[in-house]
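Throughout, a chain's letter reflects where its sequence line sits, starting with A, and its residues are numbered from 1.
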Protein chains: 2
Amino acid sequence: MTGEKKSLGQRPRRVTAQTVAEQAGVSRSAVSRAFTKGAYLDAEKRRRILSVAAEIGYQPNALAAGLKGGNSHLVAIFAGDLRNPYDTAFVSQLVGSLNAIQKWPLLIDGNGARAAQALEEVLRYPLDALILRGGSLSGEIVEQCARYGIPMISSGRPLSAPGVDTVCCRNDQGARMGAELLISGGRRRIGFLGGPPELYSSCERRAGVMAALEAAGLRPVAEAVGDYTVDGGHAAARALLQEAGEIDALICGNDAMAIGALSAAREIGRAVPGDLAVIGFDDIDMARWTCFDLTTVRNPIDAAVREILRLLEARLGDPGKADETVFVDPVVKPRGTH
Amino acid sequence: MTGEKKSLGQRPRRVTAQTVAEQAGVSRSAVSRAFTKGAYLDAEKRRRILSVAAEIGYQPNALAAGLKGGNSHLVAIFAGDLRNPYDTAFVSQLVGSLNAIQKWPLLIDGNGARAAQALEEVLRYPLDALILRGGSLSGEIVEQCARYGIPMISSGRPLSAPGVDTVCCRNDQGARMGAELLISGGRRRIGFLGGPPELYSSCERRAGVMAALEAAGLRPVAEAVGDYTVDGGHAAARALLQEAGEIDALICGNDAMAIGALSAAREIGRAVPGDLAVIGFDDIDMARWTCFDLTTVRNPIDAAVREILRLLEARLGDPGKADETVFVDPVVKPRGTH
DNA sequence: TTGTAGGCGTTATCAC
DNA sequence: GTGATAACGCCTACAA
């Protein structure tokens, strides 16, 4: 009824402050102020403006606001593996926490060949920060981010580049504690089922296990490499247990593989924990399900996410602050498989 | 060394096209064109510009570009439950697929009281679309989105509002097929462990089960309500099996509860599938793990995500297109628990 | 092929 | 308190 041209099949233009101003009989600035907490504006006028805005469905355009130079409130999360249970739980928690402080996470699937390119595309947005969760990103890209001046927080592995904060689990310590638990329980013929050797966490965990064994005058009686998945752990454990039948304990690089190992043990007829102790790493939800009741080492998500948010806010508050590396302490969770 | 003022502790300004233009000795527009595929620009000049840009780390600011009126390439995903395995897998797949077509998903955790408010905040961005995955959003908000002219795609439950496309699983049909599988296997004393009654999927699945039973002249010998989690399913199944010992089959509202039910059955000493058949719904990864080998009804994520992307692109191509409701067909996955 | 001149929607600064 | 006005960084007619 307005008589304005309205080409069919065209997406309607977003309502702007201009329209609200006209309808309310005020200036654009007044509209802007109405939405700005603590700006000088007659209370009655503000009420009127907000009412008109609500009526015609106006919201300040965050893109335009971000353009002005402030923060965009956009935070990218580069997630190494969105399929694995630990990373998934981690990202979920992170997303919820970011939402709570009004930061909006742009999720990038770190899997596949396109991942790096996707990240590059997302970097076209003036991000408040970039959070790296696992995944193997070429150092080149990290450097580029640093050059763009985008604050980065790496979680899961240390990254030494200017402007990068890091939150890491003390993987070696956790793995050592896990191994010690088995050793102190009398296990001597210990096997190790590690994760992908190219991952930082795998190396650290392996080192922790070896340190504990060595300190006890032991050596692993068998060792294999898995892919951090349940299926992979199942297959690797099966092979390991059949080749080296004399194993009395199996230390796994993460819970997923440990759960796969439990199935394998059951299939082969090895009683857990009687014949065979199994220990994992991470303490994913599944670990405490009664059907698994897996003894593991907790890789605390809450603490890590809390630290990430603390670092984020600190960095946003003072972009020039010194880079930090924060460690999160693992905790042994004795359950029924050792 | 440039002599420019550089207040310490200040985040460096982003490099703009202006800077590139100056360094390369061309106009700002030339820089813009250099980054625009198919724009008129001397090849040599373009090469020079791109080289300068790469050197000083310039990328066109996507925010500013989006302001112009084109697509922002931002897509919000409102995820009902980021903790449950099915939704998690769904969102992962969706994120990966969106990344592949250069759409950047803003994830909103649909849990908790802040969810609606978070969505409202995110709506300040000129989104290309909003994808609803589960969750219970007040109709008011949905209406508001429609008024903003933001295309919406609802997955998991039908939403009748203008501009909303829907992708749904034929829950009733799937549940019916699952029940029929048990009935044709000779089971007669069938129990039903449903999901939260306020969820659309729960109602549909329950209806499908009841229809199948009725068609066979049966009635459920016991019924309980769970919360779609493993723990919840475990507790509910335990109670159900102990109260009504004569059950020979248990139909569960989803796989998570079915897996909980399997543990419960084992604890109580009911052999599966000998004494008791168990069937789930969804076919999450876990269902096919050898330790569960759960008979279930596949709620196909691939197909649903594919449809969502198809609808998204169709809507983006023609904003005025008619709303669609697409159904995705469930598939019975017979495994070892029936 | 190239540069100039708006305009996108907002916020902040400035006079009034 | 309030309203013009100038950025913010980009894209794109339009003119050269």
For this session: Mind calculating the distance between CG (B:D42) and P (C:dG3) to the nearest angstrom?
Result: 11 Å
Problem set entry | Nearest-angstrom distance from the residue atom OH of B:Y40 to C1' of D:dA15 | 16 Å
Exercise. Between the side chain of A:Q59 and the main-chain N/O of B:E120, is any donor-acceptor distance below 3.5 Å?
Worked result: yes
Problem set entry | Pair B:D109 + B:R114: basic N to acidic O under 4.0 Å | no
Problem set entry | Electrostatic pair B:D42-B:R48, nearest N-O below 4.0 angstrom | no
Exercise. Just checking, B:R133 and B:F90: is the charged tip under 6.0 Å from the six-membered ring centre and within 45° of the axis?
Worked result: yes
Problem set entry | Worked verdict on A:F35 versus A:Y58 for ring-ring contact (aromatic ring centres under 6.0 Å, His included) | CA-CA 11 Å; A:F35 282 88; A:Y58 166 79; 5.3 Å; yes
Exercise. Between C:dG9 atom P and B:L123 atom CG, what is the distance in whole Å?
Worked result: 17 Å
Exercise. In the 5'-to-3' direction, what one-character label does each nucleotide of nucleotides 3-11 of chain D receive under the scheme B = base within less than 4.0 Å of a protein heavy atom, S = sugar-phosphate only, - = no such atom?
Worked result: BBB-BBBSB
